[in-house]
Amino acid sequence: MEIRKKIDKILGSTLAFIMAVMVINVLWQVFTRFIVGTPSSFTDELARYLMIWVGVLGAAYISGKRMHVAIDLIPRKLSEAKQAKLKIFVNILIIIFCLAALVIGGFRLVYITYVLEQYSPALQIPLALVYLVIPISGLLIIFYKISDILNKQLF
Amino acid sequence: MEYIPVIILVLSFVSLLLIGVPVAWSIAISSLLTMMVSIPTLPALTTVSQRIGTGLDSFALLAIPFFVLSGQLMNKGGIAHRLIAFAKTLVGALPGGLALINVISAMLMGAIAGSAMASASAMGSILGPEMEKEGYSKEFGAAVNITSSTIGLVIPPSNVLIVYSLASGGVSIAALFLAGYIPGILTGLFLMIVASFWAKKKKYKVGKRSSIKDVVKTFIAAFPSLMLLVVVIGGIVTGIFTATEASAIAVLYTLVLAFWYKEITVKSLPQIFLDSCGTTAIVMLLIGASMSMSWIMSYENIPQDISTLLLGISDNPIVVLLIINLLLLFVGIFMDMTPAVLIFTPIFLPIITKLGMDPVQFGIVMVLNLCIGLCTPPVGSVLFVGVGIANTTIEKVVKPLLPLFVSMIIALFLVTYFPELSLWLPRLFDL
Amino acid sequence: NTLQDKKVIKLAHGLDMSHPVHKAMVFMAQDLEKRSNGTMAVEIYPNQQLGTERQALELLQIGSLDMTKVSAAVMENFSPNMKVFGLPFLFRDRAHIFNVLDGDIGKELLDGGQKYWLKGLGYYDSGSRSFYTKEKPVESPEDLKGLKIRVMESITAMNMVNSLGGSPTPISWGELYTSLQQGVVDGAENNPPSFYLSRHYEVCKFYSLDEHTSVPDVLIMGTHLWNDLNEQQQKWVQTSVDLSVAHQRELWAKAEQEALDAVKKAGVQVINPDKSKFQKKVANMYEGYKDENEIYNLINRIQKVE
Ligand code: NA
Ligand code: NA
């Protein structure tokens, strides 16, 4: 539980920080174009990449907080013991998906963009860095789901 | 037609949903399973990742986190409260007064920002808590918010209509924009009538008529908050910033105002930012996952195949238009708006022009139709935003959504079978 | 049996079906099917159905898509030497462009992509890009002073508008119509068919044919598939592509003329400014590449082509 709290904290501050940078970045874009008159060349791209980070890393954050939108029609009709079993099964499905698509698929995406030396048009940062958030988030979600199962925190 | 991909997609998606897998993961997992039918495993896994990541790679999507954030700041900073107090003195004596305010402001917001998700996130976070305080159910508030936010896509300016113009090979954007006003306002009126009846039936509190003195007093208190609308709308209209950038300006403005009212402190800011991230992430994950689903549907030509199958049934114009509408309504259940417009426009345009329908009118019909799809469960980006922000669940929202849907569908059929509703205004301006 | 052996190539791109490049690809698909006696086919996904140009290139590398068409401006982020095409006034005239693209340099740049798992097959003509503005005509670079001009997300394009005295503003193509309408930007630049098909002429009534850049479109196949094809199949594909490239140049010339006629009819004032004034302003950009050996060599070689 100690580790989980620590991860929660790091994840939370990272997200709040990225959000703040996003706001400042877009304000800077308006400022440079309208007040200074020489539009910034990188803000649009930076905003989009930060968006990817907030969305994908945020997915891990909400998994940790069990904040997902789900339709619970059938599970609620079952006995409590069966519901718990079903929840464990659902969590295992999510773990398998995250391992396959987000960790393996995501890492392959990072690898491809890394070895093929892809850089972003305006900022010239490696695309691998942008996509790196996908396997990271996948690993975090797997961690949260395993911890949920082990600690029987299923609802 | 290839049946295997369709069967796998629908079967796996429905079963995952039923056993309680969260919607976003159900969408993503069923898309992956469908991909694995015709794409080798490793590339399929990578493609899902790429779709989820690049699905968020859009500047326009920024409006969502920013309007969520400014909504939070408005609530915590005492701005929303002052605005609502003023609005209540105006329409508080009508049944469902706050719901009417929600419809009108969501339409306005959606109309100006040209994004239904931005509107749903802004209005949901500002009005939602206030409506709850007044005794409205969360679900009713969310349903009103979800449906009315989409109307802004029909009322210009609208990015979706521009997408339609591109996909159609150049229907006039100016004509499309003019054509959208009457159908959009008509649908909004329908929603207001239904919301009003619903509120009356549920016996939601109706306020007393306010005195002129109260109106003036609350207006003065709300004046700095009302100026936010002036700044945002004025800035967009005069070209100082784009609709997406306006959302960041709204954050700045509400932040300054909230500090001025001394209702928030610097210390409370990180938590407010983090809360907005959480709400945003729920929506973003759903959007990213839907991108995988739309992608594999296009890849397997599912929309085209279904169209060919169904359009062979009849060549009576009224029936064909009915089939097209039902088909789009069905597709809207699963697919997001932009890919649907891009895929179906080239399929349907030759058919409807042969029937003698004006492509401008068809653009409005199609967008209005897909607006309904944005709020139909289980997959709909505006539905996701509305439900996520109201902190409720999809199945609970369904009940209050139903009558609102019905009114939208009635509006859709009026617009389909009465061309004048869309064409009168553009013709007035010779477009 | 033949149905099972059929090699179906999936090709996705971002243009709509009335575009000359789409038509050329349909021509290529039909030719390949005939040439291979029905053993090969191309399935085309238009309209960004499977993603934007840069996403499609990634899908080629990932291996879930076989072919795509992108602007060389997008390709330069994957295969850096392609950025030479973004230089303003690199070519003297149409004949010069085609001689370069059809010659050794063109072939070299197409093959250069293989290092990045992207095999270039051919260039489709994309004409030349020119400025269009909302308030006043651009007769010389001085008229660009203080104007916010939308550019593609490319360093070269931004440098060019800067050198000409305008303020380069990157805005996504999808947001451009409303941005022009509301005055977030004062103008943009593109070739005549794009100016026409995007309907930007409804807002911008001045089109100055300074023809500053000629960035071709590139047809690309992922090396995943290319290396998987046998020699005979590769030859069929290349022949069909070459034939469609020739066919597309005719289609393009026609589309360009039609687009210009159409925008004129819609009340757009088409201006033919003195190009040399623009050329002088951007001359210094060439010196900026002195440190980048490969690009600098390419520039010199291109200038020497007859
Ligand atoms: Na709108
Ligand atoms: Na839907």
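What's counted below: heavy atoms across the whole structure, side chains too, no hydrogens, waters or symmetry copies. Chain letters run A, B, ... following the sequence lines, proteins first, then strands; residues in each count from 1.
- Taking the six-membered ring where the residue is Trp, C:H200 and C:Y132 present tilted rings, their angle falling between 30° and 60°.
- More than 12 heavy-atom neighbours from other residues, nucleotides or ligands sit within 6.0 angstrom of NZ on C:K136.
- Within the 4.5 angstrom heavy-atom criterion, only side-chain atoms of C:S179, from C-beta onward, approach chain B.
- Between C:Y201 and C:Y196, the angle of the ring planes stays under 30°, which puts this pair in the parallel group of the 30/60° scheme.
- Ranked by heavy-atom pairs under 4.5 Å with chain B, the list C:E58, C:H19, C:Q55 is led by C:Q55.
- Separation of the C:F78 and C:Y116 ring centroids does not fall under the 6.0 Å cut-off.
- Ranking C:S64, C:G51, C:G63 against chain B, the residue ahead of the rest is C:S64, based on heavy-atom pairs under 4.5 Å.
- Looking only at heavy-atom pairs under 4.5 Å with chain B, the residue among C:I171, C:T178, C:L50 that has the most is C:L50.
- The backbone N or O of B:A174 lies less than 3.5 Å from a partner atom in the side chain of C:E202, making a donor-acceptor pair.
- With a 4.5 angstrom heavy-atom cutoff, B:F177 touches chain C only via side-chain atoms.
- Below 30°, between 30° and 60°, or above 60°: for C:H13 and C:H22 the angle between ring planes is between 30° and 60°, a tilted geometry.
- Between B:P359 and the choices B:T345, B:L176, B:L349, the side-chain contact (heavy atoms from CB on, under 4.5 Å) rule is met once, by B:L349.
- With a 4.5 angstrom heavy-atom cutoff, B:Y299 touches chain C via backbone and side-chain atoms both.
- With respect to chain C, the highest number of heavy-atom pairs below 4.5 Å among B:T54, B:D57, B:T238 belongs to B:T54.
- Per-residue heavy-atom pair counts under 4.5 Å with chain C were compared for B:I296, B:L42, B:T46, B:I240, and the maximum is reached by B:T46.
- Ranked by heavy-atom pairs under 4.5 Å with chain B, the list C:Q181, C:Q49, C:H224 is led by C:Q49.
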